[in-house]
**Q** 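Sharing a structure below in structure tokens format, with a few things to ask.
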Number of protein chains: 2
Amino acid sequence: MPKTIAKSNKDAAQMPQKSRRYRGSSGDQRRSERYEQLLNAGLSVIGNQGYAAASVRSICSEAGLTERYFYESFANREALLAEVYKTQTRYLKSRMLAAFEASERNTAAFSRAGLQAFFDTLSQNPDIARLLLFEILGVSDTIDELYYEAMEEFAVLIRALTESLGLADISDIPDQGMVYAGLVGAVLQIARRWALTNYREPVDSVIESSLFLFVAATNYSAAKPQ
Amino acid sequence: MPKTIAKSNKDAAQMPQKSRRYRGSSGDQRRSERYEQLLNAGLSVIGNQGYAAASVRSICSEAGLTERYFYESFANREALLAEVYKTQTRYLKSRMLAAFEASERNTAAFSRAGLQAFFDTLSQNPDIARLLLFEILGVSDTIDELYYEAMEEFAVLIRALTESLGLADISDIPDQGMVYAGLVGAVLQIARRWALTNYREPVDSVIESSLFLFVAATNYSAAKPQ
DNA sequence: ACAATTTGACAATAGTTCATGTCACTTTAC
DNA sequence: GTAAAGTGACATGAACTATTGTCAAATTGT
């Protein structure tokens, strides 16, 4: 009995092997559903217990899935963290952009709307806040890179915001990117302080404090045409 | 042979048992020397490989000491991290204060001196930079508390600095602490960006960018007496 | 009805870490 | 010189973790 006889028409290099429907959904649907569950569970565990405590087992348990399915969607813990982070920054950015568009077209309302969306998102989702403000730093070089990119993207947002306020020329500053990074850092730090004091201050207060720095930068440049 | 006979005059509750000199130094000296070695090794390992990779074993190996001596000085990894952090923030603050005192007594020189001390310390000690800017966040509630306190202390420094620039009245802002926290966050974020791009920009550039935000806040308030 | 696929509970392996313990060796006090 | 204190290399055990594997039960296509 020569072992070269295949037991079916399947090749030695196994075919994609189209999946069967199960409980009403296709294989792809089920897989992406599990992916979503893991993403949500990841956010929940990281947001509640921190990334250090977010073991594969605890995430799967939270997701109601077996460990095997973890590796179906992610190579490892860090890959999950990266995806969760990307998803949540995307979500945050979309909320801010939506707020911009829904806002009245005057500068004060415009920038308040963006900041409101930012701080609202965090206070309504403490898990996201903990992830974005605390857990993401110092994990690995790869994650640091991700963090850096996200900050730069938010700097672009901030730039649009401050420029809408009238900040025209800060060309005497060697690196304008640094200034915008600084403004992002200011808002993030205000958010961290807010989170660490359990969101005790009213949201308007943190918005005003943030806005103060934006407007100050704006006015300074505007008032200094020379 | 009744086991109640003590083998010496030592009590059942063992006495403090005064230590013997060894290799020229007293027990206290040796212990505090080991403590220093562990602190330095901790900074080195955390600064080079991150806190996650800073196992008790790796720290002791770096320190050239046995694991037993770790627990002589620290209850656990986290206790070491806390002490290293406190030591380095103390060091950073002392360098900044020294810079203030050595500076000429005009506002521009004064604030530049402080910022120069800050950024110089980080670029000269990448270990410290990594610890203070990245590794300290998201470790535990205890460490977060420490971070929060350190930030507030730096906010006081910043406040002194900006007030020396003439920032008098920002009383229309609900929480002034938030504004100062924001300025601290701005400087920290600029430092993070600088570190993540391998300190490529000249130090004067990051100083000017930071200063811009300070001066902007100053001028805005000053120019807005109403 | 029945074989194949899918799933979930769980075992297994190999590795790591913390924290403590053992023990031979070095140094000191007397 | 000798007993005790101090040291360093290493062992140990309990607890985790990541990752793969096993297997019976549930579900499906035919």
Side-chain angles (χ1 to χ4, degrees), chain A residues 6-10 14-38 41-42 45-46 49-82 139-140, chain B residues 6-10 14-38 41-42 45-46 49-82 139-140:
Chain A
K7 59 177 161 182
S8 79
N9 62 354
K10 265 197 271 183
Q14 70 269 43
M15 297 166 62
Q17 180 175 268
K18 73 171 189 298
S19 61
R20 170 193 277 181
R21 296 187 69 80
Y22 204 86
R23 276 211 271 262
S25 30
S26 77
D28 283 349
Q29 283 174 322
R30 295 189 323 265
R31 209 171 317 123
S32 79
E33 230 170 79
R34 288 190 292 258
Y35 176 87
E36 291 294 331
Q37 287 175 63
L38 286 168
V45 174
I46 294 171
Q49 305 171 237
Y51 176 66
S55 66
V56 172
R57 184 156 299 174
S58 68
I59 290 169
C60 290
S61 159
E62 174 78 20
L65 290 174
T66 298
E67 286 109 27
R68 185 160 33 111
Y69 289 119
F70 184 91
Y71 298 98
E72 173 193 58
S73 288
F74 306 100
N76 47 44
R77 255 163 33 103
E78 200 177 304
L80 173 86
L81 174 66
V139 171
S140 75
Chain B
K7 61 177 159 181
S8 78
N9 61 352
K10 265 196 270 184
Q14 68 270 41
M15 298 165 64
Q17 181 174 268
K18 73 170 189 298
S19 62
R20 170 192 277 182
R21 295 186 70 81
Y22 204 85
R23 276 212 270 260
S25 29
S26 78
D28 284 347
Q29 283 173 321
R30 291 184 331 258
R31 209 171 317 122
S32 80
E33 229 170 81
R34 287 190 294 258
Y35 176 87
E36 291 295 330
Q37 287 175 61
L38 286 168
V45 174
I46 294 171
Q49 304 169 237
Y51 177 66
S55 65
V56 173
R57 184 156 299 175
S58 67
I59 290 169
C60 290
S61 158
E62 174 78 19
L65 289 174
T66 298
E67 285 107 27
R68 183 159 35 109
Y69 289 120
F70 184 90
Y71 298 98
E72 173 193 59
S73 287
F74 306 98
N76 49 42
R77 251 161 41 98
E78 200 178 303
L80 173 86
L81 174 66
V139 171
S140 76

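Just so it is clear, the structure is predicted and the values come from calculations on it, not from any experiment. Just so it is clear, the values below take in all heavy atoms, side chains as well, and ignore hydrogens, waters and symmetry mates. Numbers restart at 1 for each chain; the letters A, B, ... are given by sequence-line order, proteins then strands.
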**Q** Between A/Arg34 and C/dT7, is there a contact of a side-chain N or O with OP1 or OP2 at under 4.0 Å?
**A**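 Yes, A/Arg34 has a side-chain N/O under 4.0 Å of OP1/OP2 on C/dT7.
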
**Q** Testing the 3.5 Å rule here: is there a donor-acceptor pair between the side chains of A/Glu78 and A/Ser140?
**A**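 On atom types as modelled, these side chains qualify, holding a pair under 3.5 Å.
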
**Q** Whole angstrom is fine here: how far is it from CZ in A/Arg21 over to C1' in D/dG29?
**A**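 That distance rounds to 12 Å.
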
**Q** May I have the distance from A/Glu72 (atom CD) to D/dT20 (atom P), rounded to whole angstrom?
**A**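 These atoms are roughly 13 Å apart.
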
**Q** D/dA5 base to B/Tyr22 side chain: any donor-acceptor pair below 3.5 Å?
**A**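 Absent.
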
**Q** From CZ of A/Phe74 over to P of D/dA18, roughly how many Å is that when rounded to an integer?
**A**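 Whole-Å distance recorded here is 14 Å.
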
**Q** What is the separation between atom CZ on B/Arg20 and atom C1' on C/dA29, rounded to the nearest whole Å?
**A**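 In whole Å, C/dA29 C1' lies 5 Å from B/Arg20 CZ.
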
**Q** Using whole Å, report how far CZ of B/Phe70 lies from P of C/dG21.
**A**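 Whole-Å distance recorded here is 17 Å.
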
**Q** Quick check for you: among C/dT6, C/dT17, C/dG8, whose closest atom lies nearest to any side-chain atom of A/Arg30?
**A**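 Out of C/dT6, C/dT17, C/dG8, the nucleotide with an atom closest to A/Arg30's side chain is C/dT6.
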
**Q** Look at all strands and tell whether A/Arg31 reaches a base, only sugar-phosphate, or nothing, counting heavy atoms closer than 4.0 Å.
**A**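 A/Arg31: no heavy atom of the nucleic acid under 4.0 Å.
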
**Q** Starting from P on D/dA18, measure out to CG on A/Leu80 and report it in whole angstrom.
**A**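 Checked: the CG to P distance equals 11 Å.
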
**Q** Nearest to the A/Tyr71 side chain among D/dT20, C/dT20, C/dT27, which nucleotide is it?
**A**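 Nearest listed nucleotide: D/dT20.
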
**Q** Can you check whether A/Arg77 has a side-chain N or O nearer than 4.0 Å to OP1 or OP2 of D/dT17?
**A**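 No.
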
**Q** Might you list the N or O atoms of the protein lying below 3.5 Å from N or O atoms in nucleotides 10-13 of chain C, with each pair's distance?
**A**
none

**Q** Rounded to whole angstroms, how far apart are CD on A/Gln49 and P on D/dT17?
**A**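 A/Gln49 atom CD is separated from D/dT17 atom P by 11 Å.
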
**Q** Within 45 degrees of the axis of the six-membered ring of A/Tyr51 and under 6.0 Å from its centre: does A/Arg77 put its NZ or CZ there?
**A**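 Judged by the rule, A/Arg77 and A/Tyr51 form a cation-pi pair.
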
**Q** Just how far, in rounded Å, is C1' of C/dT7 from CD of A/Gln37?
**A**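 One finds 13 Å between C1' of C/dT7 and CD of A/Gln37, rounded.
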
